[in-house]
S.K.: 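First the structure, then my questions, so here it is.
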Amino acid sequence: MRTTVGIIGGGPAGLLLARLLHRAGVDCVVLERRTREYVERRQRAGMLEQGTVNALREAGAAERLDAEGLVHQGIELRFDRERHHIDFPGLTGGRTVTIYAQTEIVKDLVALQLADGPPLLFEAAALAVEGPRSEAPVVRFLHQGRERTLTCDWVAGCDGFHGVSRRAFPAGTCRSYAHEYPYSWLGVMAEVPPSCEELIYARGDRGFALHSMRSPSVSRFYLQVPNGTDPGDWADSRVWDELDARFAIDADWTLRRGPITAKSVTAMRSHVHEPMRHGRLLLAGDAAHIVPPTGAKGLNLAVSDIRVLARALTALHRTGESQLLDTYSELCLQRVWQATRFSDDMTRMLHAQPNGDAFDHRMQLARLRRVIASRHAAAELAANYAGLPLPV
Ligand code: RFL
Ligand code: PHB
């Protein structure tokens, strides 16, 4: 097989790139290791910045998002048994965020791709990217029991944190920066209407808790748990009791309970791979960087990389202009480091430190109090959460 852009990975990054390239008349092929059912069910992000919503509109993939997405005007911070609203439009000059599940974005993009898009092969696992510095890099992949090759002008590595693309950077051409946090998240899906209008980020001595949602009838929760936690140790009643304890405030508020349909544990880590380009191989999304989910930035960063990459490849295809492609890595990494910093700040401010002392505890509370007391501090949080300006 031969194509202009070989895309490894059919997550949100790879699928969105394929859509944008297809609309611009650039041909491409997407290779996805898993089945369609698997990628459409994998539970992940839910909070979209305005720039992400706009990018999905540009790709012609926002019909259901516009009908079903829940627009939020801010978030709630809870600590010391108090609740505080952070008003995004008031603090950012009118910006909002939207709740729409990553699974739904993936379903929408897959449906469009299979209807009229370039090829999307499921159960096609890339094994290696060969000759990234040559004029025609090759992706070796396994499909239907046979090893095959895809020869490309460009390869987009959109294969997530556990993908193979990063490995094609020879030693000495790249550097990784990584940090593991000493706690994980237990994610829980429940068939019960949300008990709040906005997301609740709660800090307490028992640990962090987040109340999110998927729709007016489905709630999503996360609990800080020790690394290595087995979700099997968390019976439904234990989950509800712990959520009750962590969200408790002095005001009148009750958490609605309902059937729990899924539980899973996610490690919290930051990882940035520099640079994001080696010859004709370009990394995007989780393949290049991951952040802890406390700032809701991972999917949004993947989409902002893809906007730059789609524009850069389209410009090259249409006019031969390579300037945007030449600055791709630098442009994206500036935003990546800012999102990594914000995600790290939110994570450290809101989680109970497993071996933290009384001083650490006071520092967290002082940070939270500052956000509440100072319009500048609140505006800084809101600007980062709602999304810093896009690179292009
Ligand atoms: P993905 O989604 O991991 O997709 C990569 C795809 O590549 C495939 N693949 C391969 N295909 C072919 N050959 C190979 N060798 C391959 N190896 C892998 C995989 O099967 C997969 O389909 O990466 P992408 O597209 O870069 O998208 C990134 C986002 O998925 C991720 O950043 C977010 O989910 C992070 N995230 C959040 N981001 C937000 O912006 N807002 C949120 O509210 C938010 N919440 C979250 C999150 C991530 C979480 N977890 C589980 C880590 C909440 C959680 C709990
Ligand atoms: C989610 O809805 O899954 C979600 C929302 C906000 C976060 C993380 C996850 O910070």
S.K.: Kindly assign one of parallel, tilted or perpendicular to the pair W240 and F221, based on the angle between their ring planes and the thresholds 30° and 60°.
M.R.: perpendicular
S.K.: For Y177 and S270, which I'm curious about, is there any donor-acceptor pair between the side chains at under 3.5 Å?
M.R.: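 Short answer, no.
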S.K.: Run E123 and R34 through salt bridge (Lys or Arg N to Asp or Glu O under 4.0 Å) and show every step you take.
M.R.: CA-CA 5 Å; E123 296 179 85; R34 303 285 191 172; over 6 Å; no
S.K.: Residues two or more places apart in sequence or in another chain: which of them pass side chain to side chain donor-acceptor pair (under 3.5 Å) with T92?
M.R.: none
S.K.: Is the CZ atom of R64 crowded by more than 12 outside heavy atoms at less than 6.0 Å?
M.R.: yes
S.K.: Around R133, counting heavy atoms of other residues, nucleotides and ligands shown, do more than 12 lie under 6.0 Å from its CZ?
M.R.: no
S.K.: Please find the pair of heavy atoms, one from A302 and one from A13, that lie closest to each other, and give the distance.
M.R.: CB-CB, 4.3 Å
S.K.: Would you call the rings of Y222 and W185 parallel, tilted or perpendicular, where under 30° means parallel and over 60° means perpendicular?
M.R.: tilted
S.K.: Verify ring-ring contact (aromatic ring centres under 6.0 Å, His included) between F79 and H84, making sure each step is shown before the conclusion.
M.R.: CA-CA 9 Å; F79 56 96; H84 301 273; 5.2 Å; yes
S.K.: Kindly determine whether R2 and D153 satisfy salt bridge (Lys or Arg N to Asp or Glu O under 4.0 Å), including the steps that lead there.
M.R.: CA-CA 9 Å; R2 201 184 193 304; D153 292 344; 3.1 Å; yes
S.K.: Out of curiosity, S264 OG to R44 CZ, how far, rounded to the nearest 0.5 Å?
M.R.: 10.0 Å
S.K.: Any side-chain heavy atom of F169 within less than 4.5 Å of one from V129?
M.R.: no
S.K.: Please assess E242 against R238 for the test salt bridge (Lys or Arg N to Asp or Glu O under 4.0 Å), listing each intermediate value before the final yes or no.
M.R.: CA-CA 6 Å; E242 193 60 32; R238 181 175 177 203; 5.8 Å; no
S.K.: Hey, could you give me each pair passing side-chain hydrogen bond (donor to acceptor under 3.5 Å, both in side chains) that has a residue in residues 380-392? Not counting sequence neighbours.
M.R.: Y201-Y385, R341-N384, E380-N384
S.K.: Just jot down the salt bridge (Lys or Arg N to Asp or Glu O under 4.0 Å) partners of E135, sequence neighbours excluded, or say none.
M.R.: R280
S.K.: Is it true that R19 and D108 make a salt bridge, defined as a side-chain N closer than 4.0 Å to a carboxylate O?
M.R.: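 Not counted as a salt bridge, because no side-chain N and carboxylate O are separated by less than 4.0 Å.
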S.K.: Would you call R166 and D159 a salt bridge, using N to O less than 4.0 angstrom?
M.R.: no
S.K.: What is the minimum heavy-atom distance between L309 and A284, and which atoms define it?
M.R.: CD2-CB, 4.4 Å
S.K.: Where do H273 and S176 come nearest, in terms of heavy atoms and distance?
M.R.: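 Heavy atoms only, the tightest pair is ND1-OG, 3.7 Å.
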S.K.: Which heavy atom of P118 sits nearest a heavy atom of A18, and at what distance?
M.R.: CG-O, 4.3 Å
S.K.: Quick one: list whatever passes side-chain contact (heavy atoms from CB on, under 4.5 Å) with P119, sequence neighbours left out.
M.R.: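 Once residues adjacent in sequence are excluded, the partners of P119 under the side-chain contact (heavy atoms from CB on, under 4.5 Å) criterion are V29.
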S.K.: For V106 and P12, which heavy atoms make the closest approach, and how far apart are they?
M.R.: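 The pair with the smallest heavy-atom distance is CG2-CD, 4.0 Å.
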S.K.: I'd like to check M213 versus L70 (side-chain heavy atoms, cut-off strictly below 4.5 Å). Are they in contact?
M.R.: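 Answer yes - side chains close enough.
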S.K.: Flag yes if V164 and I290 sit in one hydrophobic cluster, no otherwise; membership is Ile, Leu, Val, Met, Phe, Trp, Tyr, and two members link when side-chain heavy atoms are under 4.5 Å apart.
M.R.: no
S.K.: Output all residues satisfying ring-ring contact (aromatic ring centres under 6.0 Å, His included) with H271, sequence neighbours left out; order by chain, then residue number.
M.R.: F161
S.K.: Give a yes or no on whether the backbone of A352 and the side-chain of Q224 come within a donor-acceptor separation of less than 3.5 Å.
M.R.: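 Side chain of Q224 to backbone of A352, a donor-acceptor pair under 3.5 Å: yes, one is there.
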S.K.: A side-chain contact here means heavy atoms from C-beta on lying under 4.5 Å apart; do F342 and V291 qualify?
M.R.: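 No, every pair of side-chain atoms sits at 4.5 Å or beyond.
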S.K.: Would you please name every residue forming a ring-ring contact (aromatic ring centres under 6.0 Å, His included) with H143, sequence neighbours left out?
M.R.: none
S.K.: Judged by atom type as modelled, is there a donor-acceptor pair below 3.5 Å linking the side chain of D230 to the main-chain atoms of G232?
M.R.: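 Yes, because the side chain of D230 sits within donor-acceptor range (under 3.5 Å) of the backbone of G232.
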S.K.: Could you list the residues that satisfy side-chain contact (heavy atoms from CB on, under 4.5 Å) with P170, not counting sequence neighbours?
M.R.: T173, H278
S.K.: Check this for me: does any side-chain nitrogen of one of R41 and E37 sit under 4.0 Å from a carboxylate oxygen of the other?
M.R.: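 Not counted as a salt bridge, because no side-chain N and carboxylate O are separated by less than 4.0 Å.
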S.K.: Are side-chain heavy atoms of M47 and I99 found at a separation under 4.5 Å?
M.R.: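 Yes. Closest side-chain heavy atoms under 4.5 Å.
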S.K.: Under a plain distance cut-off of 3.5 Å, with no hydrogens placed, do Y181 and D344 share a side-chain donor-acceptor pair?
M.R.: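 Distance-only check passes for D344 and Y181.
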S.K.: Donor-acceptor pair, distance only, cut-off 3.5 Å: does the side chain of T3 make one with the backbone of G6?
M.R.: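 Checking the backbone N and O of G6 against the side chain of T3, no donor-acceptor pair under 3.5 Å is found.
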S.K.: Any side-chain hydrogen bond (donor to acceptor under 3.5 Å, both in side chains) pairs touching residues 291-306, not counting sequence neighbours?
M.R.: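 Non-adjacent pairs meeting side-chain hydrogen bond (donor to acceptor under 3.5 Å, both in side chains): E49-K297, T52-N300, H289-D305, T294-T347, S304-R335.
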S.K.: In terms of hydrophobic clusters joined by side-chain contacts under 4.5 Å, are L91 and L388 together?
M.R.: no
S.K.: List in chain and number order the residues that pass ring-ring contact (aromatic ring centres under 6.0 Å, His included) with H85, two or more places apart in sequence or in another chain; answer none if no residue qualifies.
M.R.: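 H85: no ring-ring contact (aromatic ring centres under 6.0 Å, His included) contacts found.
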S.K.: Just list the side-chain donor-acceptor pairs under 3.5 Å for residues 321-332, sequence neighbours left out, or say none.
M.R.:
unit_1 : atom_1 : unit_2 : atom_2 : d
E321   : OE2    : Q323   : N      : 3.0
S322   : OG     : D326   : OD2    : 3.2
D326   : OD1    : R277   : NH1    : 3.3
T327   : OG1    : Q323   : O      : 3.1
T327   : OG1    : L324   : O      : 3.2
Y328   : OH     : L283   : O      : 2.7
S329   : OG     : M276   : N      : 2.8

S.K.: Determine whether a donor-acceptor pair (N or O, by modelled atom type, separation under 3.5 Å) exists between the side chain of R33 and the backbone of G9.
M.R.: no
S.K.: Tell me, please, which residues at least two apart from E76 pass side chain to side chain donor-acceptor pair (under 3.5 Å).
M.R.: R78, R83
S.K.: Taking CD in E197 as the centre, count heavy atoms belonging to other residues, nucleotides or ligands within less than 6.0 Å. Is the count above 12?
M.R.: no
S.K.: Under a single-linkage definition using a 4.5 Å side-chain heavy-atom cutoff for Ile, Leu, Val, Met, Phe, Trp and Tyr, are V139 and L142 assigned to the same hydrophobic cluster?
M.R.: no
S.K.: Quick test of your reading of the model: are E180 and R269 salt-bridged, counting only N-O distances below 4.0 Å?
M.R.: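 Looking at E180 and R269, the cut-off is met.
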S.K.: Are L20 and L114 joined in one hydrophobic group, where the rule is that I, L, V, M, F, W and Y side chains link up if heavy atoms are under 4.5 Å apart?
M.R.: yes
S.K.: Please determine whether a side-chain nitrogen of the Lys or Arg among R23 and E58 lies less than 4.0 Å from a carboxylate oxygen of the Asp or Glu.
M.R.: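 No salt bridge links R23 with E58.
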S.K.: Are V26 and L16 co-members of a hydrophobic cluster defined by side-chain heavy atoms under 4.5 Å apart?
M.R.: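 Yes; tracing contacts between hydrophobic side chains, which count when under 4.5 Å, links both residues.
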S.K.: Salt bridge or not between R140 and E130? Use side-chain N to carboxylate O under 4.0 Å.
M.R.: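 E130 and R140: salt-bridged.
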S.K.: What are the two closest non-hydrogen atoms of H351 and Q364, and how far apart are they?
M.R.: O-NE2, 2.5 Å
S.K.: D66 side chain to E63 main-chain N or O, any donor-acceptor pair under 3.5 Å?
M.R.: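 Not confirmed, D66 side chain does not pair with E63 backbone.
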S.K.: Short question: side chain of W253, backbone of S195 - any donor-acceptor pair under 3.5 Å?
M.R.: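 Yes, because the side chain of W253 sits within donor-acceptor range (under 3.5 Å) of the backbone of S195.
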S.K.: Do the side chains of I200 and I75 get nearer than 4.5 Å, heavy atoms only?
M.R.: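 A side-chain contact under 4.5 Å is absent here.
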S.K.: If only atom types and distance count, is the side chain of S219 paired as donor or acceptor with the main-chain N or O of V192 below 3.5 Å?
M.R.: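 Yes, the answer is positive, given that a donor and an acceptor are paired below the 3.5 Å cut-off.
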S.K.: Classify the ring geometry of H211 against F247: parallel below 30°, tilted from 30° to 60°, perpendicular beyond 60°.
M.R.: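 It falls in the tilted class, 30° to 60°.
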S.K.: Sequence neighbours excluded, which residues qualify as ring-ring contact (aromatic ring centres under 6.0 Å, His included) partners of F141?
M.R.: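 For F141, no residue satisfies ring-ring contact (aromatic ring centres under 6.0 Å, His included) once neighbours in sequence are set aside.
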